[in-house]
**Q** 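Attaching a single structure in C-alpha cells format; questions to follow.
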Amino acid sequence: MPEECRFWLLDLNYEVINHEPEVWLWGITDGGKRVLLIDKGYLPYFYAVLEEGADPEAVLERVRGLVKADPLMRSAELVERKYFGRPVRAIKVVCQDPEQLEKQAKKVAKVEGVKECLEDDIRYSMSYLIDKGLRPCGWHSAKVRPLEQERFKDVQVDAVYEVVEGPVTIEEHVPPELRLMAFYMLAYSPKGSPRPEKNPVVVISVMTGDGDLRTFVAKEGDDRPIIRAFCDFIRSYDPDVIFGFRSNDKAWPYLAERAKVLGLELPVGRTGVGPHTSVYGHVSITGRANVDLYDFAEKDLPAVKVKTLENVADYLGVMPLEGREVLDPPDVKFYWEDKSKKPRLVKFCEDNARCIMGIGRSVLEFALQLSNLTGIPLDHVLTAAVGFRVEWLLIREARKRGELVPKRAERKYRPYVGGMVLKPRPGIHEKIAVLDYKSLYPSIMIKENLSPDTYLRPEEPEPPEGVNVAPEVGHKFRREPPGLYREVLSALISARDEIRERLRELEPGTALYRLLDARQKALKVVANATYGYAGWLGARWYLRPVAESTAAWGRYVISKTIEMAKEMGIELIYGDTDSVFVRYEPEKVEKFLKAVEEEFGLKIKPDEIFERVLFTEAKKRYCGLLPDGRLEIVGLEAVRGDWSAVARKVQKEVLEAVLKARSPQEGREKAVKIVRDYIRKLKAKEVPYKDLVIWEELTRRPEEYKVRTAHVEAAKIMMRSGWDISVGDKVGYVVVRGSGKLYERAMPYFLATYDDLDLDYYVKKQIVPAAMRVLKVLGVKEEELLAGVERKGLMAFFS
DNA sequence: GCTAAGGAGCTACCG
DNA sequence: ACCGGTAGCTCCTTAGCG
C-alpha cells in the first residue's frame, strides 16, 4: 500500500543506472525525519522544431526512424508550441538517458525538415522540478513505497522511498527545523600559501546550529586524524546545511585534494561520497546543502567593499571587528610555529567558524526564499550569477505556456543608449526631496509589454490588437497577448506588494516577519535584474530591442517629468535614470506627484527628503543629510573601496562637519581643522596601519594587463613570494617610499611596515583629494589644508 | 631628448 | 557570465619644442 509522504525539498540529484534515470529527492518530513525519495518515472526529452513548409508527418516518420534505431530513444510525437511568441510545430522526442540527450538531439537536428533542436540543454533534474511544479525549499507531498534495497543501506536518512505518485506542491512556507553547521579551516605552509600536495591542514573548527563548537588541531602537522575526525563529526551530526566562507573555491577543494594525497576518503555526503564540483562552480555534497556565504557577500552585499569574512561578519553585526584579532596570511605560519601563539591561532579559527554560523543564520532565510522563488536548489542559488536567477524563473513560465526555451548563443556586442543623467547644480541645497519612480524599468516593461516574444520585427505587419512603439528607437511590441516578461514581472511585483502590505501589520523580529521580509527581498532582487538580463549577451532570451526600448521609455518618462516640474515652477537640482531631486515645497510637490502619476500611470514617490544636499560638478556623486542626522553618501570617495580608509574617514568627517554646520563658515573651519588634524596624526604614525591599505580587484591575470598599475605589481610581488592570488581577488597594497612610478612603490600590505610608507603620498594623493572634493565647493584651497602641517608634521617626525 | 596634454586603461561606482 | 553612464586615477604616447 502506498503511503503519503510530506516533505520539504532540501537537495536533489540524479543517478543513471543502466541508462535508467532516477531523480533523488532529499527531504525533511513534517515529523523531522530525513528522507530520500526516488522517482523513476520521469524521462528526459527535447524538441525538434520543424522547418517552415516541411511536411510534419514526413519529418515525424524520419525522426521515428532514428528513435527505432536507438534503444535509448523512446518516442516522438508532433506537438504545437511557441517560439518567441510565434506558433511552431515541433516533435517532442522522449529519451531515456539524460547523459545522451544532447548527442541524440544533435543527430535529430540533422534530419531533413528539422530546423533545430531545443531544450536538450536543460539539466535533467531542473527539467524534472519544473515539469512537476516542484520548488526547492518548499513543501511537497507524494505517494510513496518504502525501498529496502542493499544499495541504500549506507545512505544516511531515516527512510528511502520510491515515488509512486506525485510529488505535488503544498502551500506552506514555514521551513522545518534545519540542522546547521559552519566550518573553517587553516593549513600550514612554511612559505606562502599552503599547497594541498604538501602542506597539512592544521586546524578545523566546526560550529553547529545548536551552539556547539568543535575544534580539531593537528598534532605534529599530521592532518590525517583531524580530517578523519572532521568527516566523522559531519556524519554524526548529520547537518542539512553546511556553511562555509570561500568553501566552494578554497576549503573544499583543499580538503578534497589533501584527502586524495593522503589516501583518505572524504565521506561527507549522505551517501558517503565526497564533495564534488558541479554547475556554476559550486561544490555539491549529496543530500545536504553546501552553502558558501562568500557568494552571498559577493552578489548581495554591495555595502561591504572588501569581502573578507571578518568584514562581512562585522557589517552584519555578527562579530565586531573591534576587539578581535584578525590574522593576516603570513601570521598563520608564525602562530603555528610559536607554541605561545598557537592558542591565538586556534581562537582565530574558532572565531571564524562562529562568524560563518552567524552570517549563515542571517542569510539563510533569504537564501531559502530565493531558492524557492527561482527554483534553483539551495546549494547553488547563491553561487548562480544574477542572470540565471531571472532565467530559471523565465524558463518555468515558458514551460507553463508552451513557449520553447531558446539556446544560449554567441552574439556580437552592440551597445545601446541607457538611462539619462542630469548635470547637478553644484553647491549645498536646503530641503531637497528625492522623487523616485517605483521599479521604473520593470513597470515600463509591464506597461508596454516589452518582451522577446512580443517584439515585432520592422518588416512584420502590425497585428489587429495594435503595437506600442518605443520613443527614439522605434521598436514595436504587440499589445497582446501578455509577454513572458510582463507575466513574470507582474507576478513578482504584485507578490512583493502583497507581502509588504502584510508586513505592515506584523511585528518586526517575529519569525513570520523575517520570512516574509526575506521573500520580499528575493522578489525585489529578481525583478530588478530583469532589465539587465534582457540586455545580457549570454541570456537565452537576449533581445537588444527589449533592453534598448526599456531604456528609451525610461528617458522619455524622466524627461517629461522634468518638463512638468519646470512647468509647475518646481526647482530641479539633479536627476538620474528614474529619480529627480527637487526643492521640497510640500503643496507643489504633492500636486506634481499626482500630475505625474496621472500622466504616465507609473507610481512615483518621495524616497527621501534631505535637510541638505551637497553636490560637486560631477554626476552620480553627492551627499545628503537626513532629518535624523544620518548622512547618505553616494558615489564619493567615502563609499569607494579603492580609497584608503583614512581618506574615506576624512571625507566622511568633512561632509558631516559641512552639512551639519550652522553656517558655511563654521562648517568650513571645522572641516579644515579635521583635515589638518588627520594629516598631523598620520605624520605622527597615529593612524592605524590598516587604514592605509588600498584594496583593488585583480580583474585578469597579471600578464594580461596592458599597463602597469599598483595593485597588479603588488599582486606580482605576492605571487613571487609564494602567495596565491587569483582573478577576482582583492589585492591590498600600501605605497612605500622611494623614487619612480606609483606602481614601483606598491607593496602587499602584509609585506611592509609603517616605517616603509610614503606618508607624503597618503597626504597628497589620498587625504587631501578626498577632502578637497567636498571643500572645493566651499572655496577652500589646498594650501589651507597643508598650511602649517608640513613643519609641525616634520617636528613630530623628528622628535 | 624633453615635456605637457590628452587619450587609453582601469576600477568602482549609480540607478 | 547583468545593463549603460559616469568619475577620476595612473600610465603612456605623442605633438611640439628646442
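As the structure is a prediction and not an experimental result, all values here were calculated from the model. All chains are named by letter (A, B, ...) in the order of the sequence lines, taking the proteins before the strands, and each is independently numbered beginning at 1.
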**Q** Atom NZ of A/Lys764 to atom C1' of C/dT10: distance rounded to whole Å?
**A** 18 Å
**Q** Under 6.0 Å between the ring centres of A/Tyr455 and A/Phe84?
**A** no
**Q** Hey, which of A/Asp729, A/Asp724, A/Ile725 is the one that makes side chain to side chain contact (heavy atoms under 4.5 Å, CB included) with A/Met718?
**A** A/Ile725
**Q** In whole Å, what is the span from the CG atom of A/Asp295 to the C1' atom of C/dA1?
**A** 14 Å
**Q** Are A/Lys764 and A/Asp758 close enough for a salt bridge, meaning some N to O gap below 4.0 Å?
**A** no
**Q** Rounding to an integer number of Å, can you tell me how far A/Gln766 CD sits from B/dT11 C1'?
**A** 14 Å
**Q** Using whole Å, report how far OH of A/Tyr441 lies from P of B/dG15.
**A** 12 Å
**Q** Using a 4.0 Å heavy-atom cut-off, does A/Tyr574 contact any base of the nucleic acid, only the sugar-phosphate backbone, or nothing at all?
**A** nothing
**Q** Could you check whether A/Thr699 and A/Tyr705, counting side-chain N and O atoms only, form a donor-acceptor pair closer than 3.5 Å?
**A** yes
**Q** Would you mind telling me which of C/dC2, B/dA12, B/dG15 lies closest to the side-chain atoms of A/Asp642?
**A** B/dA12
**Q** Does A/Lys305 put a side-chain nitrogen or oxygen below 4.0 Å from OP1 or OP2 of B/dT11?
**A** no
**Q** For residues A/Glu713 and A/Tyr733, is any side-chain donor paired with an opposing acceptor at under 3.5 Å?
**A** no
**Q** Do we see a donor-acceptor contact under 3.5 Å between the side chains of A/Tyr437 and A/Thr561?
**A** yes
**Q** Base, sugar-phosphate alone, or nothing: which one does A/Lys730 contact when heavy atoms must sit under 4.0 Å apart?
**A** sugar-phosphate
**Q** Any donor-acceptor pair under 3.5 Å linking the side-chain atoms of A/Arg496 with those of A/Gln520?
**A** yes
**Q** Counting only side-chain heavy atoms from C-beta out, which of C/dA1, C/dC11, B/dG15 sits nearest to A/Leu742?
**A** C/dC11
**Q** Which residues, if any, of residues 692-718 of chain A bring a heavy atom under 4.0 Å of DNA chain C?
**A** A/Val707, A/Arg708
**Q** What is the separation between atom NZ on A/Lys741 and atom P on C/dC11, rounded to the nearest whole Å?
**A** 6 Å
**Q** Within the sub-3.5 Å range, which N or O atoms of nucleotides 4-7 of chain C have a protein N or O partner, and how far apart are they?
**A**
{"residue": "C/dG4", "atom": "OP1", "partner": "A/Tyr413", "partner atom": "OH", "Å": "3.4"}
{"residue": "C/dG4", "atom": "O3'", "partner": "A/Tyr416", "partner atom": "O", "Å": "3.1"}
{"residue": "C/dG4", "atom": "O3'", "partner": "A/Gly418", "partner atom": "N", "Å": "2.8"}
{"residue": "C/dG5", "atom": "OP1", "partner": "A/Gly418", "partner atom": "N", "Å": "3.1"}
{"residue": "C/dT6", "atom": "OP1", "partner": "A/Lys619", "partner atom": "NZ", "Å": "2.9"}

**Q** Within this structure, what is the CG-to-P distance between A/Leu537 and C/dA1, rounded to whole angstrom?
**A** 13 Å
**Q** Indicate, with a heavy-atom threshold strictly under 4.0 Å, whether A/Ala547 touches base, sugar-phosphate, or nothing.
**A** nothing
**Q** So, OP1 or OP2 of B/dG15: does either fall under 4.0 Å of a side-chain N or O from A/Tyr622?
**A** yes
**Q** Check step by step if ring-ring contact (aromatic ring centres under 6.0 Å, His included) holds for A/Tyr533 and A/Tyr542.
**A** CA-CA 7 Å; A/Tyr533 173 85; A/Tyr542 166 77; 9.2 Å; no
**Q** Check the angle between the aromatic planes of A/Tyr294 and A/Phe245 and answer parallel, tilted or perpendicular using the 30° and 60° thresholds.
**A** perpendicular
**Q** Other residues, nucleotides and ligands only: do more than 12 of their heavy atoms fall within 6.0 Å of NZ on A/Lys407?
**A** yes
**Q** Using atom CD of A/Gln651 as one end and atom C1' of B/dA12 as the other, report the distance to the nearest whole Å.
**A** 14 Å
**Q** Applying a 4.0 Å non-hydrogen cut-off, can you work out what A/Val390 is touching in the nucleic acid: base, sugar-phosphate, or nothing?
**A** nothing
**Q** Would you mind reading off the bend of the helix from B/dG1-C/dC17 to B/dG15-C/dC3 from its two end axes, five pairs each, to 10 degrees?
**A** 20°
**Q** Check each of A/Leu489, A/Thr577, A/Asp578, A/Leu450 against A/Tyr441 using the side chain to side chain contact (heavy atoms under 4.5 Å, CB included) test, and report the only one that passes.
**A** A/Thr577
**Q** In whole Å, I'd like the distance from the OH atom of A/Tyr761 to the P atom of C/dC9.
**A** 10 Å
**Q** Between A/Ser579 and A/Asp576, is any side-chain donor less than 3.5 angstrom from a side-chain acceptor?
**A** no
